[in-house]
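Have a look at the structure below before the remarks.
So you know, we letter chains A, B, ... as the sequences are listed, proteins then strands, and number each from 1.
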Amino acid sequence: MTDANAAAEIACLSVTELTARYRDGSLSPREALAAVLERIDAFNGDVNAFRFVDRVGAMAAAEASEGRWMEGAPLGPLDGVPASVKDIVPVKGWSTTYGSGVLAESGTARDDAPAVARLREAGAILLGLTNTPEIGWKGVTDSPAHGITRNPWNLDRTPGGSSGGAAAACALGMGALHIGTDGGGSVRIPAAFTGVFGIKASFGRVPVYPASAFGTLSHVGPLTRCVADAALMLNVLTRPDVRDWYALPDERHDYTAGLENGVKGLKIAFSPTLGYAAVDPEIAALVRKAVAALADRGAEVVQTDPGFDCPQEMFHHLWFPGAAFRTRHLTDAQRAQLDPGLQEIIEQSKPWGLTDYLEATQARAAFGMHMRKFHETYDLLVTPTLPIAAFTAGEEVADATQTRWTDWAAFTYPFNLTQQPAASICCGFTSDGLPAGLQIVGRMHDEITVLRGARAYETINPPVMPTEPMHGR
Amino acid sequence: MDAEIAYLSVAELAARYRDRSLSPREVLAAVLARLDAFEGQVNAFAYVDREGAAAAAAASGARWLRGEPLGPLDGVPATIKDIMYVKDWITTYGSRVLALKDPAAEDSPPVARLREAGVVLLGMTNTPEIGWKGHTDSPAHGITRNPWNLKRTPGGSSGGAAVAAALGIGVLHVGTDGGGSIRIPASFSGVFGFKASFGRVPAWPASAFGTLAHTGPITRSVGDAALMLNALTRPDSRDWQALAHDGTDYAAATAGGIKGLKVAFSPTLGYLSVDDDVAALVRRAAKSFADFGAEVEEVDPGFPDPRPTREVLWWTGAAYRTRHLTAAQRAQLDPGLREVVENKAAGLTLTDYMDAMQARAELGTHMRAFHDRYDLLLTPATPFAAYIADHAGVGPATLARWSDRPAFTFPFNLTQQPAASIPCGMTADGLPAGLQIVGRLYDDITVMRAARAFEAAHPWEMPKEPRRAPD
């Protein structure tokens with residue numbers, strides 16, 4: 001085995017494997033960090049997943065963790081595990097840019113955001129900040145500040161977004177735990193395009209501060225290579241933080257409990273199109289096969305649509321004003337430096353008034369009620385995460401029939417409107433060698449069943465990661 | 001005899017239904033006798049369903065006789081504020097122009113839960129139009145009056161509910177609270193009122209005041225409210241913002257006392273002025289928490305008056321609720337409400353609204369941090385006792401009278417915290433004062449537990465009949 005192969009193996013270990021080896025002394029947090037940094041050195045130039053790497057801080061954290069493991073007093077199951085943070089979530093001593101030249105923080109953050117604070121308390125090694133489009137406004141990852149992030153399965157393609165840096169880093173073994181955010185699919189989209197696991201828990205489950213530009217649409221959640229890593233990460237991320245006024249009651253769930261219970265007896269609704277989306281036939285076939293596999297394992301699968309109309313207008317009426325509000329203090333000259341697409345949605349929202357917003361809010365409540373009633377019957381809803389595989393990097397849309405990223409993200413943003421827990425897990429590869437994602441949606445507050453369904457599928461179809469960035473065929 | 005029966009608690013009623021010394025029909029008769037005797041003076045009800053109540057009481061009586069009651073609320077008389085749906089009844093919202101045209105096709109969640117629990121639904125209690133203000137008079141149903149002094153308002157907007165509770169016209173009263181509308185009438189009328197954390201009690205359809213509006217019990221005792229919460233908190237898919245049902249038994253959880261809790265007492269929130277007699281009663285009550293083993297510290301929560309934030313959200317909600325009315329219809333609104341929707345809300349923009357929502361979230365964060373240090377916050381529920389009813393809701397000066405009134409209640413609608421008002425004594429004028437008990441968000445149990453401890457040490461009296469005190 002070459003050194004690079006050894007580094008690759010170490011860098012792609014799961015949390016459970018890492019900590020088992022820390023415990024038995026066959027690996028140290030410093031060695032794990034070295035392997036991860038080697039991958040970053042080798043591949044970040046190709047994929048541009050990280051916009052900042054804190055080698056000094058990471059080394060100090062690894063050393064401290066190593067000391068704790070040697071004393072037999074680790075802080076918990078995440079101690080010494082390398083982690084990244086999306087460049088939209090403040091990290092103490094680092095400077096958040098939000099992928100923006102004009103909205104970047106002028107100084108370094110004085111406090112960790114809740115998700116970061118929880119990982120730090122748990123002993124994770126914070127590697128750096130992953131790329132995002134400006135304020136995470138779109139479903140692909142390129143930004144005025146840090147350029148284009150690329151998909152390790154095909155460097156010509158986008159990893160999706162807005163947590164595209166996190167997903168690319170995850171797939172390539174540049175860290176085990178990756179904090180993403182999801183306001184319209186921004187965890188699930190890049191998870192699907194890069195073949196990793198991503199979950200947004202119910203709104204309020206993971207405390208957030210400061211609030212996102214996209215308010216009650218926006219969730220913080222993990223991107224990981226396997227379901228168990230995400231469950232362990234959620235155990236930490238869901239701990240209470242008084243700074244998030246919207247946070248749910250602290251119910252101290254163990255998200256790893258019941259992970260291995262399988263899908264036998266679960267009532268699963270399979271909606272291939274949500275009743276309105278056009279899906280690439282190859283993706284549709286992969287998703288259908290995945291659903292059949294769940295049925296084979298004893299799930300009661302019913303093919304049915306949840307029965308709502310495409311809520312794209314509703315979403316735009318809540319999303320675009322969020323972008324406008326976030327940028328309201330910019331001068332015209334500053335606004336001209338924003339991502340042109342972001343400028344467009346801000347412009348588009350200008351004629352919309354308070355009544356439009358309240359009507360969208362009211363329609364959202366009716367939609368939320370509709371889905372709560374739907375889940376009286378079904379434990380899970382499964383759909384494709386995306387109707388297409390990854391397209392050209394640097395573009396917002398896949399082809400000329402589309403104008404906005406929401407045109408191809410029709411499966412994800414509905415569940416930001418309803419705030420339900422939703423995950424994406426890889427369900428195979430297209431003939432072009434690009435990953436397809438299966439979306440698993442749970443009833444509000446029931447992320448445990450989402451994780452359980454995802455883990456069941458993962459045992460059928462274990463995850464495959466790219467060993468290195470690949471050039472398009 | 002009627003009075004004695006009508007003032008029985010839920011536990012007492014259930015015991016007597018069980019040992020057959022009393023039947024739901026007899027209790028209903030006692031309650032209706034009080035209604036007939038007093039309603040002309042207090043105007044608590046917008047609607048009474050005698051037939052429906054008689055049928056429900058008969059059905060409940062049969063269940064008790066079979067030894068198969070639906071639970072501890074079976075056969076207990078209850079009322080619903082005229083702002084939610086009761087199947088086959090017409091909700092008027094206190095309005096001539098916003099009333100339902102046809103009877104409701106289904107129960108709102110709290111009504112459904114009470115009905116499932118076997119209660120006897122008496123009727124709808126009065127509210128100001130869409131519950132928009134802190135006392136109770138409306139274009140549709142006129143002025144509701146305070147049983148402690150008929151010249152005074154019982155407060156509002158759940159004023160009908162509070163009056164009915166105080167006079168023994170029903171045991172369980174469903175109120176709503178978007179800015180104090182449970183706690184203000186509880187304080188002015190001398191009963192117990194509790195708004196649980198937002199989302200704890202499923203609601204539908206949404207209030208005009210959206211995420212400010214809570215649903216909760218108004219009762220004569222804390223124990224009755226706890227048993228009522230056990231029903232009201234059960235899940236209902238129609239409320240998309242409802243919290244997960246955690247199965248708490250509030251009746252059990254309310255026992256146990258508050259020894260060792262850290263309690264903040266803020267006499268003015270740092271910015272309000274309070275009538276001397278109310279201030280003295282509240283101070284005495286707050287200090288008495290030390291008798292229960294709590295550690296009481298006089299400290300303000302440290303936020304500036306959030307009235308501007310509240311006004312943007314409140315006015316916006318009222319304007320949105322009435323946006324489809326014609327000018328002729330708007331002219332039939334409560335003049336104060338009309339002033340709000342035509343003038344105060346005019347010119348408010350989406351940016352104003354989002355600024356207010358941001359300020360609200362900051363206040364919420366501030367209070368979450370405050371409750372890292374304190375389990376409870378005590379304040380006056382209202383800064384004064386009940387004021388004159390007849391001037392309260394008429395004419396354009398209403399707004400100045402009501403919206404400009406100092407209020408201890410609405411900050412905790414902005415923050416969605418659980419908050420109760422519990423009677424803490426009578427002023428020299430013979431009017432009740434209320435102590436507000438505020439808990440950390442989602443810690444409804446601790447508020448109820450503190451209320452129970454206070455009630456046990458300082459029981460209060462009911463008016464028994466409407467009083468004509470000199471003014």
Given a strict heavy-atom distance threshold of 4.5 Å, which part of [X] is in contact with chain B: side chain, backbone, both, or neither?
{"X": "Ala365(A)", "answer": "both"}
{"X": "Ala366(A)", "answer": "neither"}
{"X": "Thr418(A)", "answer": "backbone"}
{"X": "Asp244(A)", "answer": "backbone"}

Seminar exercise, completed: Comparing Ala242(B), Gly317(B), Gly199(B) against chain A, the one with the most heavy-atom pairs below 4.5 Å turns out to be Ala242(B)
For this session: May I ask you to name which of Gln358(B), Met357(B), Arg440(B) has the most heavy-atom pairs under 4.5 Å with chain A?
Result: Gln358(B)
What's the shortest heavy-atom distance between [X] and [Y], and which atoms?
{"X": "Leu248(A)", "Y": "Leu243(B)", "value": "CD2-CD2, 4.1 Å"}
{"X": "Pro321(A)", "Y": "Leu350(B)", "value": "CB-CD2, 3.8 Å"}
{"X": "Trp240(B)", "Y": "Gly368(A)", "value": "CB-C, 3.5 Å"}

For this session: Return yes when atom OH of Tyr98(A) has more than 12 non-hydrogen atoms of other residues, nucleotides or ligands closer than 6.0 Å, and no otherwise.
Result: yes
Exercise. Should we say atom CG of Asp309(A) is surrounded by more than 12 heavy atoms from elsewhere, each under 6.0 Å from it?
Worked result: no
Exercise. Which atoms of Ala369(B) come close to chain A, meaning under 4.5 Å heavy atom to heavy atom: side chain ones, backbone ones, both, or neither?
Worked result: both
Exercise. Which bit of Thr349(B) is near chain A, if near means a heavy-atom gap under 4.5 Å: side chain, backbone, both or neither?
Worked result: backbone
Expected output: side-chain [X] to main-chain [Y] donor-acceptor under 3.5 Å:
{"X": "Trp245(A)", "Y": "Arg368(B)", "answer": "no"}
{"X": "Arg243(A)", "Y": "Thr365(B)", "answer": "no"}
{"X": "Arg238(B)", "Y": "Met369(A)", "answer": "no"}

Nearest 0.5 Å, what's the [atom1]-[atom2] distance between [X] and [Y]?
{"X": "Arg372(A)", "Y": "Asp239(B)", "atom1": "CZ", "atom2": "CG", "value": "6.5 Å"}
{"X": "Tyr442(B)", "Y": "Asp250(A)", "atom1": "OH", "atom2": "CG", "value": "11.5 Å"}
{"X": "Gln362(A)", "Y": "Arg321(B)", "atom1": "CD", "atom2": "CZ", "value": "9.5 Å"}
{"X": "Leu354(A)", "Y": "Thr316(B)", "atom1": "CG", "atom2": "OG1", "value": "5.0 Å"}
{"X": "Tyr246(A)", "Y": "Thr211(B)", "atom1": "OH", "atom2": "OG1", "value": "7.0 Å"}
{"X": "Ser237(B)", "Y": "Met444(A)", "atom1": "OG", "atom2": "CE", "value": "12.5 Å"}

For this session: Check step by step if salt bridge (charged side-chain N to carboxylate O under 4.0 Å, His left out) holds for Arg328(A) and Asp355(B).
Result: CA-CA 11 Å; Arg328(A) 70 196 183 286; Asp355(B) 273 330; 3.2 Å; yes
For this session: Answer yes when Arg323(B) and Glu359(A) have at least one side-chain N-carboxylate O distance shorter than 4.0 Å, and no when they do not.
Result: yes
Problem set entry | Residue, of Ala324(A), Gly215(A), Pro249(A), that accumulates the most heavy atom pairs under 4.5 Å with chain B | Pro249(A)
For this session: Identify which of Met371(A), Arg364(A), His375(A) forms the greatest number of heavy-atom pairs closer than 4.5 Å to chain B.
Result: Arg364(A)
Exercise. Between Phe370(B) and Val242(A), is a side chain to side chain contact (heavy atoms under 4.5 Å, CB included) present by the stated rule, with each step listed?
Worked result: CA-CA 9 Å; Phe370(B) 181 78; Val242(A) 295; over 6 Å; no
